[in-house]
Asker: 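Submitted below is the structure of interest, expressed as structure tokens.
What you see is a predicted model, and the numbers here were worked out from it, not measured in a lab. For reference, positions follow the sequence shown, starting with 1.
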Amino acid sequence: MAEAAVRIARPDDVDEITEIQARTWRFAYAKVLPEAVLAELDTEAARSDWADALAGGAAEVHVATEGDWTVGFCAAGHAPESEVADANGALPADAATIGLIATLLVEPRWARRGHGGRLLHAAATGLRNAGATRGIAWLPEADTASRKFYTRAGWAEDGTVRVLDAGGTPVRELRVTGPLTVTLQD
């Protein structure tokens with residue numbers, strides 16, 4: 001295996017991030033999301049959204065590399081109140097110190113090589129350094145691979161569920177929460 005690393009994303013990573021998201025979602029969510037939603041992922045608008053995210057600084061975006069290849073990415077930042085509230089809209093006591101893993105994707109052909117763990121570790125470290133005390137992430141209920149990944153990292157479902165409208169198709173998501181002291185396993 002070539003040398004694997006994680007670094008902060010740069011503006012010249014936008015095309016790779018957009019392509020990784022499109023390929024990974026097509027692989028993982030083809031049976032969950034309508035084709036029209038998946039087709040929007042590999043467009044100029046999607047590239048523009050990622051360029052804005054990198055320039056805006058609201059989220060810290062890391063990329064995972066193996067040798068010369070960009071193989072995955074993670075976007076994380078402070079969790080807005082709408083993401084941490086329970087089903088009744090009530091906020092937990094620690095709402096101001098919760099970080100959000102907005103997305104963590106590793107292209108399937110590079111899976112099971114530790115890239116996801118390295119990305120989560122880097123994001124958790126960044127969130128902790130910014131004052132977060134724990135993290136959350138939303139996962140499609142059908143995405144058992146991501147749920148297993150977060151479980152191995154010490155995160156668990158907290159019982160909060162939401163349903164999103166994905167181009168007319170309801171997608172049920174589960175919220176997971178966990179510590180920001182992620183340790184890498186060999």
Side-chain angles (χ1 to χ4, degrees), residues 3-29 33 36-85 95-111 114-140 143 146 149-150 153 162 164-167 171 173 175-178 180 182:
E3 184 176 330
V6 172
R7 62 171 171 74
I8 295 291
R10 303 180 301 245
D12 63 340
D13 290 316
V14 167
D15 286 341
E16 284 293 324
I17 289 170
T18 304
E19 290 173 19
I20 289 168
Q21 183 177 27
R23 284 191 297 262
T24 303
W25 278 36
R26 282 190 185 104
F27 177 83
Y29 303 132
L33 298 172
V37 171
L38 296 172
E40 292 176 17
L41 295 170
D42 195 20
T43 63
E44 192 53 44
R47 283 177 182 76
S48 178
D49 289 345
W50 278 113
D52 290 348
L54 291 180
E60 185 173 80
V61 181
H62 292 88
V63 294
T65 59
E66 187 169 320
D68 294 334
W69 297 93
T70 301
V71 300
F73 71 95
C74 179
H78 176 74
E81 288 183 356
S82 62
E83 301 286 341
V84 299
T97 62
I98 298 175
L100 172 67
I101 303 295
T103 187
L104 191 162
L105 297 172
V106 174
E107 196 172 339
R109 64 184 168 149
W110 297 97
H115 299 299
R118 283 186 287 279
L119 284 165
L120 183 58
H121 181 266
T125 299
L127 290 170
R128 216 175 41 251
N129 290 342
T133 58
R134 70 179 168 109
I136 62 168
W138 289 94
L139 310 173
D143 187 353
S146 291
F149 167 78
Y150 279 99
R162 69 181 178 187
L164 301 178
D165 177 6
V171 176
E173 289 189 322
R175 189 171 65 195
V176 295
T177 186
L180 296 175
V182 176

Asker: Can you see which heavy atom on His62 is nearest to which on Ile8, and at what distance?
Answerer: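 Result for this residue pair: NE2-CD1, 3.4 Å.
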Asker: Which heavy atom in Ala122 sits nearest to a heavy atom in Val6, and how many Å separate them?
Answerer: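 That would be CB-CG1, 3.7 Å.
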Asker: From Trp138 CH2 over to Asp143 CG, what is the distance, rounded to the nearest 0.5 angstrom?
Answerer: 14.5 Å
Asker: Should Arg10 and Glu16 count as an ion pair when the cut-off is N to O under 4.0 Å?
Answerer: no
Asker: Say you draw a straight line from CG of Leu139 to CZ of Phe149; how long is it, rounded to the nearest 0.5 Å?
Answerer: 10.0 Å
Asker: How many angstroms lie between atom CD1 of Ile136 and atom CD1 of Ile101, to the nearest 0.5 angstrom?
Answerer: 9.5 Å
Asker: Is the backbone N or O of Gly135 less than 3.5 Å from a side-chain atom of Thr177, with the two atoms forming a donor-acceptor pair by type?
Answerer: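 Yes: the side chain of Thr177 pairs with the backbone of Gly135.
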Asker: Once rounded to the nearest 0.5 Å, what's the spacing between atom CZ of Arg128 and atom OG1 of Thr133?
Answerer: 11.5 Å
Asker: Mind checking whether Tyr150 and Leu104 have side chains closer than 4.5 Å, heavy atoms only?
Answerer: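 Yes; the side chains approach each other to less than 4.5 Å.
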Asker: So, for Leu33 and Ala166, which heavy atoms are closest and what is the spacing to 0.1 Å?
Answerer: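 For Leu33 versus Ala166, the nearest heavy atoms are CD2-CB, 3.5 Å.
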Asker: Is any side-chain heavy atom of Val61 closer than 4.5 Å to one of Trp50?
Answerer: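 SC-SC contact between Trp50 and Val61 confirmed.
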Asker: Please name the pair of heavy atoms, one in Ala96 and one in His78, separated by the smallest distance, quoted to 0.1 Å.
Answerer: O-CE1, 3.1 Å
Asker: Starting from the C-alpha separation in whole Å, work towards a yes-or-no answer on side-chain hydrogen bond (donor to acceptor under 3.5 Å, both in side chains) for Glu107 and Trp69.
Answerer: CA-CA 11 Å; Glu107 196 172 339; Trp69 297 93; over 6 Å; no
Asker: Using the salt bridge (charged side-chain N to carboxylate O under 4.0 Å, His left out) rule, pick out the option among Asp13, Asp52, Asp15 that qualifies with Arg47.
Answerer: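 Of Asp13, Asp52, Asp15, salt bridge (charged side-chain N to carboxylate O under 4.0 Å, His left out) with Arg47 is met by Asp15 alone.
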Asker: Grab the two heavy atoms, one from Ala9 and one from Ile17, that are nearest each other, plus how far apart they are.
Answerer: CB-CD1, 4.1 Å
Asker: Is it true that atom CG of Asp68 has more than 12 heavy atoms of other residues, nucleotides or ligands lying nearer than 6.0 Å?
Answerer: no
Asker: Whether the side chain of Arg175 engages the backbone of Arg162 through a donor-acceptor N/O pair (distance < 3.5 Å, no angle test) should be reported.
Answerer: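 Judged by distance alone, no pair lies under 3.5 Å.
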Asker: Calculate, to the nearest 0.5 Å, the distance between atoms CG and CG belonging to Leu100 and Leu127 respectively.
Answerer: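 Going from the CG atom of Leu100 to the CG atom of Leu127 covers 8.5 Å.
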Asker: What is the minimum heavy-atom distance between Val106 and Gly116, and which atoms define it?
Answerer: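 Distance-wise, the nearest heavy atoms are CG2-N, 3.7 Å.
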Asker: Has Arg109 got a side-chain atom pairing as donor or acceptor with Val71's backbone, closer than 3.5 angstrom?
Answerer: no
Asker: Should Phe73 and Gln21 count as side-chain neighbours, where that means a heavy-atom distance under 4.5 Å?
Answerer: yes
Asker: Please check this pair: side chain of Thr18 against backbone of Val14, looking for a donor-acceptor N/O pair closer than 3.5 Å.
Answerer: yes
Asker: If I take atom CG from residue Leu120 and atom NE2 from residue His115, how far apart are they, to the nearest 0.5 angstrom?
Answerer: 15.0 Å
